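Model, not experiment: these values are computed from the prediction. The chains referred to below are lettered A, B, ... by the order of the sequence lines, with proteins before strands, and numbering in each begins at 1.
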Number of protein chains: 2
Amino acid sequence: MTAIDVSADAARRALGASDEPDDVLIDRFARAAWSHLIEPGDGVAGRLIAHLGAGEALRRALADADVDGALTAQEYRDGRRRWLPRADAADVAHALMVARRHDIALLTPRDASWPSLLDDLGPHAPVCLWVRGDVTRIAPARAVAIVGARAASGYGEHVAQEMSADLAGSGVTVVSGAAYGIDAAAHRAALACDGPTVAVLAGGADRAYPAGNTRLIDTIAASGAIVSESPPGASPTKWRFLQRNRIIAAVSHATVVVEAGWRSGSLNTASHALAIGRRVGAVPGPVTSAASAGCHRLLRTEPVDCITCADDVREMIGIGGAVPLALPTDGRPPTDDLTRIRDALSARAWRDRDDIARRSGHAPDDAASLLGILLLGGEVESSDAGWRLVPRASARSA
Amino acid sequence: MTAIDVSADAARRALGASDEPDDVLIDRFARAAWSHLIEPGDGVAGRLIAHLGAGEALRRALADADVDGALTAQEYRDGRRRWLPRADAADVAHALMVARRHDIALLTPRDASWPSLLDDLGPHAPVCLWVRGDVTRIAPARAVAIVGARAASGYGEHVAQEMSADLAGSGVTVVSGAAYGIDAAAHRAALACDGPTVAVLAGGADRAYPAGNTRLIDTIAASGAIVSESPPGASPTKWRFLQRNRIIAAVSHATVVVEAGWRSGSLNTASHALAIGRRVGAVPGPVTSAASAGCHRLLRTEPVDCITCADDVREMIGIGGAVPLALPTDGRPPTDDLTRIRDALSARAWRDRDDIARRSGHAPDDAASLLGILLLGGEVESSDAGWRLVPRASARSA
């Protein structure tokens with residue numbers, strides 16, 4: 001193993017020509033190195049970096065130098081034992097070389113395109129992002145994660161497509177994981193209407209996973225962005241999938257689960273989103289469909305919104321006019337009094353005021369004024385014989 | 001019109017042979033009369049009766065006597081103007097005669113079978129109930145209202161049947177409104193498994209409405225009960241349908257809406273149930289189905305439970321074991337550490353401890369103990385060459 005040299009010269013060599021100041025270069029290079037040394041979500045590394053900066057943290061960790069109380073002795077010792085076996089300068093240089101070859105940008109919190117929403121992850125935030133495509137895509141004004149089961153039903157894919165096309169068509173960035181099923185349906189619908197879409201991968205941004213979605217992932221990179229916190233070459237392990245979900249949740253203003261089995265990984269994404277205070281929605285489906293069981297589970301047990309259409313999603317993120325939704329009540333005046341008058345009338349028989357009052361349970365004077373209202377509305381007609389409904393189809397619903 | 005005589009003799013004549021004391025007889029007769037005089041839910045009459053008793057309240061209202069401050073002068077005046085046009089002794093006697101002919105029992109709050117749950121309606125509680133069938137059926141230990149759209153889908157009817165059969169089969173009384181669609185499916189499924197079921201009608205208990213469900217209503221009466229607060233002969237007006245819904249909600253421990261259009265009357269039942277503090281559930285369905293739009297509306301805007309099966313309903317009314325429902329989280333130890341070790345292993349290649357530690361991001365000692373756990377579980381095997389997964393299909397889910 002070659003020792004990692006945390007100097008401006010080494011950083012400039014590894015990152016290629018740059019007119020950035022030394023401290024920026026060192027920070028960028030150190031974060032690239034850290035993303036190789038740690039597994040995603042390593043909060044101990046996160047706290048060390050927050051305390052000392054990425055470069056100094058790396059320098060001290062490599063040298064076993066004192067860390068000014070940023071970590072407990074045991075955290076530091078255990079951390080170094082996790083990190084050091086991977087501390088090979090050649091591996092870091094190789095990852096940066098692959099990134100250049102694939103036009104993968106290395107994004108750090110100092111960059112303007114860095115999604116500030118990631119701050120909500122605290123020490124578990126990624127140390128950097130490797131981005132293939134348009135780096136400005138990953139911190140949009142409005143982003144919604146549309147996620148769900150790989151084993152989606154035709155219903156689920158249809159709903160994901162409709163929702164994604166509607167949202168992306170109105171400028172909302174659709175974030176997902178490029179998996180089969182719901183993820184792919186969401187990305188494809190966004191692309192089909194030239195809308196913005198971002199895929200967060202568990203493995204390196206240079207590796208299309210799943211392989212069957214290679215063409216889709218390339219298409220996303222061409223107009224949107226492919227993002228990973230693990231360096232190029234990293235394989236998509238189960239752990240990284242689970243941690244990838246927290247990135248999807250964090251870079252989005254809200255997360256919608258379209259279909260999910262009882263133990264679907266999408267529930268993990270929902271859980272991450274709720275943990276950092278994001279709104280979460282679940283699309284219901286037939287209770288007889290196993291593909292919706294996870295969504296119904298969310299609706300039963302978590303503070304999530306029932307989502308039926310793109311408007312419901314826009315309401316979650318605070319855009320678009322919400323439909324007034326109050327339930328019909330039994331508050332009496334004025335329509336309920338009229339209901340009872342209508343009940344008391346016939347379209348076939350003329351009835352006098354007192355008969356109508358008795359049938360409706362209204363006082364005679366009240367019945368007369370209510371009949372007057374219906375007369376103005378053209379619902380009833382009057383004659384010497386009394387009152388009757390203007391004959392036409394009068395549907396009754398109960 | 002014949003004046004109503006509120007005396008024990010008149011009560012005995014109208015009600016037929018009885019060994020009940022005079023005051024009980026008068027109360028019963030007066031409530032029968034009140035149910036003819038008022039429309040369902042008349043809270044002014046309800047307060048007057050609560051204050052003076054049904055007999056005295058009727059006597060004074062007929063005589064325009066002082067009511068001891070039970071009502072404001074205007075309430076009393078307006079009330080009398082509503083009630084008196086219907087105060088014909090012949091009509092009351094006729095209703096009681098029809099009731100006897102149809103074996104319809106007149107139930108009042110003094111009767112042991114009176115559902116005390118109705119007290120939650122306060123002054124809007126019915127003054128009496130007219131019951132065809134088994135009067136002991138209407139105040140069971142466990143009752144659930146299963147209601148929904150008349151224009152139900154095959155999906156909705158299927159769910160209503162499964163849920164009703166499961167609940168009724170376990171002794172829970174299924175309450176509904178005998179309408180087409182969801183109501184009928186719920187009653188039929190309960191009857192099919194010899195379970196208890198009750199139908200609350202908007203018109204008189206002697207009148208089958210809708211006519212197409214006459215045979216169903218007769219079958220319910222034969223083993224369960226048909227209930228109305230309006231006297232025999234009363235027609236099922238729109239007003240009475242809306243008020244009927246409050247009875248369905250009140251006599252049930254919880255209300256489940258299986259399918260409902262955006263403006264379905266079932267939402268009115270849900271609204272009544274919520275207003276008196278009952279738990280309400282809604283069954284989700286495809287967001288593409290108009291027949292589920294009302295259920296989704298409830299789930300979006302009201303504090304209702306998402307109901308997927310009979311177990312969910314039993315949980316609402318506090319019986320049956322609830323399934324533990326916590327979401328899968330990312331809390332690390334112990335399974336997540338194992339996840340990363342599993343990620344670092346291969347079924348095809350032997351890897352040594354340090355290689356596994358580096359790949360998993362664990363310290364070498366930690367990797368060794370975690371490998372020991374997997375070895376005990378039979379997931380990995382070891383040799384001089386290192387460790388590998390015991391070769392078999394290892395599904396990955398994300």
Review item, side-chain donor-acceptor pairs of residues 362-370 of chain B, under 3.5 Å, at least two apart:
residue: B:H362; atom: NE2; partner: B:D337; partner atom: O; Å: 3.2
residue: B:D365; atom: OD2; partner: A:R81; partner atom: NH2; Å: 2.9
residue: B:S369; atom: OG; partner: B:D365; partner atom: O; Å: 2.9
residue: B:S369; atom: OG; partner: B:D366; partner atom: O; Å: 3.3

Under the criterion salt bridge (Lys or Arg N to Asp or Glu O under 4.0 Å), I'd like the reasoning laid out for A:D312 against B:R300: C-alpha separation, chi angles, the key distance, then a yes or no.
CA-CA 9 Å; A:D312 293 348; B:R300 277 185 65 71; 3.5 Å; yes
So which heavy atom on A:Y155 is nearest to which on B:V287, and how close?
OH-N, 2.8 Å
Tell me, for B:S292 versus chain A, whether the close heavy atoms (under 4.5 Å) come from the side chain, the backbone, both or neither.
neither
Rounding to 0.5 Å, atoms OG (B:S235) and CG (A:D343) come to a distance of 7.5 Å
Given the options A:T288, A:V304, A:D354, A:L84, which has more heavy-atom pairs under 4.5 Å with chain B than any of the others?
A:T288
Tell me the closest heavy-atom pair linking A:P284 and B:H296, and the distance in Å.
CG-NE2, 3.3 Å
B:I307 portion near chain A, given a 4.5 angstrom heavy-atom threshold
both
Between the side chain of B:R358 and the main-chain N/O of A:R86, is any donor-acceptor distance below 3.5 Å?
no
What part of B:D355 gets closer than 4.5 Å to chain A, counting heavy atoms only: side chain, backbone, both or neither?
neither
I would like to know whether A:T237 and B:R340 meet side chain to side chain contact (heavy atoms under 4.5 Å, CB included); could you show each step before the answer?
CA-CA 8 Å; A:T237 62; B:R340 278 160 57 181; 6.0 Å; no
Part of B:L299 lying under 4.5 Å from any heavy atom of chain A:
both
Top of B:S289, B:A357, B:S360, B:C309 for chain A proximity - count of heavy-atom pairs under 4.5 angstrom:
B:S360
Who among A:G177, A:P85, A:P286, A:A275 has the most heavy-atom pairs with chain B under 4.5 Å?
A:P286
Flag the pair B:R359 and A:E39 as a salt bridge only when some basic side-chain nitrogen lies within less than 4.0 angstrom of an acidic carboxylate oxygen.
no
